[in-house]
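Sequence positions, counted from 1, serve as the residue numbers for this chain. Just so you know, ligand 1 is whichever comes first in the structure, and atom 1 is the first atom listed for that ligand.
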Amino acid sequence: MSRVIAIPALQDNYIWIVEQNNQAVVVDPGESKPVLDYLRNNKIQPVAILITHHHLDHTGGIGELLSQFNIPVYGPAKEVIPHQTHRLFEKNLVHIASMNLTYQVIECPGHTLGHIAFYGHRQLFCGDTLFSGGCGRIFEGTHAQMYESLTKLSALPDDTQIFAAHEYTLSNLAFAHEIEPNNQCIQSAITKAKLNLSKHIPTLPSTIGREKTINPFLRCQTLKSQMGTEDEPSTFSRLREKKDSFR
Ligand code: ZN
Ligand code: FE
């Protein structure tokens with residue numbers, strides 16, 4: 001069985017490391033030093049790098065990692081990723097043969113236009129698209145694209161673990177609580193997140209099933225009438241706009 005380790009990086013990023021038998025896949029290395037330290041200290045050999053989108057806080061460490069390890073870099077076909085060796089489209093499969101891992105590529109434009117997520121073994125690496133309690137800011141795509149991307153991700157099995165790329169949970173939940181002050185699930189998620197963070201434990205992974213109860217952006221159907229909107233895409237849009245100007 002593989003396990004997934006969080007490497008805190010930069011301000012509030014997580015670089016995820018999937019490891020098994022002293023081999024590892026590195027997801028979104030925004031910087032190299034904490035990854036290299038971890039690999040060295042634990043005598044782990046990296047075998048591949050997975051990239052969700054082109055932002056520097058997800059790609060900044062690729063070059064330095066490649067100067068020490070000759071390994072493939074998988075990333076979105078529709079973006080320019082430094083040192084990329086494999087250009088991925090919707091439904092492509094990434095096979096990491098030596099670790100017996102397979103990930104399906106899910107295109108999820110919105111935060112950036114070419115953003116992809118990797119899904120396999122009931123684990124989702126979704127970069128800056130879906131966070132616990134929230135979703136990524138829409139920098140390149142449209143609200144409609146982001147809504148559709150989140151709808152795709154939320155259709156994955158409820159027990160899918162979500163490995164998002166930032167520790168934004170507590171501030172996301174503050175917004176979620178403002179939207180739904182009587183939602184008990186959000187209240188207990190806030191308590192749990194505070195406890196975790198006080199002990200320097202990541203609030204991730206979450207799960208799809210859990211996010212459906214606490215994440216306003218996955219609750220557009222429930223929030224539609226409260227937000228005074230006609231349909232779910234416009235509920236999403238309203239929520240995203242409100243969140244953009246929240247505090
Ligand atoms: Zn980003
Ligand atoms: Fe990011």
Side-chain angles (χ1 to χ4, degrees), residues 4-18 25-35 38 49-65 73-84 87-88 90 103 105-119 123-150 152-153 161-175 193 197 202-206 211 215 217-218 236 239-241 243-247:
V4 185
I5 305 294
I7 309 274
L10 303 168
Q11 287 281 90
D12 45 32
N13 280 73
Y14 288 126
I15 299 168
W16 297 107
I17 302 219
V18 184
V25 172
V26 181
V27 185
D28 281 353
E31 60 176 336
S32 59
K33 189 176 182 302
V35 176
Y38 181 82
I49 295 174
L50 307 184
I51 300 294
T52 61
H53 67 293
H54 67 85
H55 286 161
L56 196 60
D57 62 314
H58 301 250
T59 58
I62 300 174
E64 188 64 31
L65 288 174
V73 178
Y74 296 86
K78 296 173 182 171
E79 296 187 354
V80 177
I81 306 293
H83 311 286
Q84 183 167 15
R87 298 161 51 88
L88 304 171
E90 175 80 7
Y103 297 102
V105 173
I106 303 174
E107 291 184 347
C108 44
H111 178 70
T112 63
L113 275 175
H115 199 301
I116 58 172
F118 298 87
Y119 172 66
Q123 294 175 337
L124 176 70
F125 298 91
C126 52
D128 289 356
T129 298
L130 175 61
F131 295 122
S132 183
C135 71
R137 281 180 188 267
I138 300 165
F139 287 127
E140 297 177 8
T142 63
H143 283 66
Q145 277 177 321
M146 188 59 148
Y147 176 72
E148 200 185 313
S149 295
L150 291 171
K152 247 156 113 178
L153 298 184
Q161 291 184 295
I162 299 168
F163 296 90
H166 289 273
E167 183 56 78
Y168 288 161
T169 307
L170 205 50
S171 60
N172 285 339
L173 290 173
F175 175 72
L197 294 173
T203 62
L204 298 162
S206 184
E211 289 306 310
N215 190 326
F217 298 100
L218 300 190
F236 171 77
L239 285 168
R240 190 57 261 182
E241 283 162 11
K243 177 72 172 29
D244 285 344
S245 57
F246 181 67
R247 268 187 309 173

* Between I51 and I81, which heavy-atom pair has the shortest distance, and what is it? -> CG2-CD1, 3.8 Å
* Using only N, O or S atoms, tell me which atom of H55 is closest to the Zn ion (ligand 1). => ND1
* Asked: Heavy atoms, side chains only, cut-off 4.5 Å: are E140 and H115 in contact?
  -> no
* Asked: Does H111 bring an N, O or S atom to under 2.8 Å of the Zn ion (ligand 1)?
  -> yes
* **Mutual orientation of the aromatic rings belonging to H53 and H58 [parallel < 30°, tilted 30-60°, perpendicular > 60°]** => tilted
* Asked: Which N, O or S atom name in D57 marks its closest approach to the Fe ion (ligand 2)?
  -> OD2
* Give the name of the N/O/S atom in H58 that lies closest to the Fe ion (ligand 2). => NE2
* Main-chain N/O of C135 paired with R240 side-chain donor or acceptor, under 3.5 Å -> yes
* Any idea how W16 and Y14 line up, ring-wise: parallel (<30°), tilted (30 to 60°), or perpendicular (>60°)? -> tilted
* Asked: By atom name, which N, O or S atom of D128 is the nearest to the Zn ion (ligand 1)?
  -> OD2
* Just wondering, are more than 12 heavy atoms of other shown residues or ligands nearer than 6.0 Å to CD in E148? -> no
* Asked: Within less than 2.8 Å of the Zn ion (ligand 1), any N, O or S from D57?
  -> no
* To do: Look at H55 and state whether any of its N, O or S atoms is less than 2.8 Å from the Fe ion (ligand 2).
  => no
* Asked: In D128, the N, O or S atom nearest to the Fe ion (ligand 2) is which?
  -> OD2
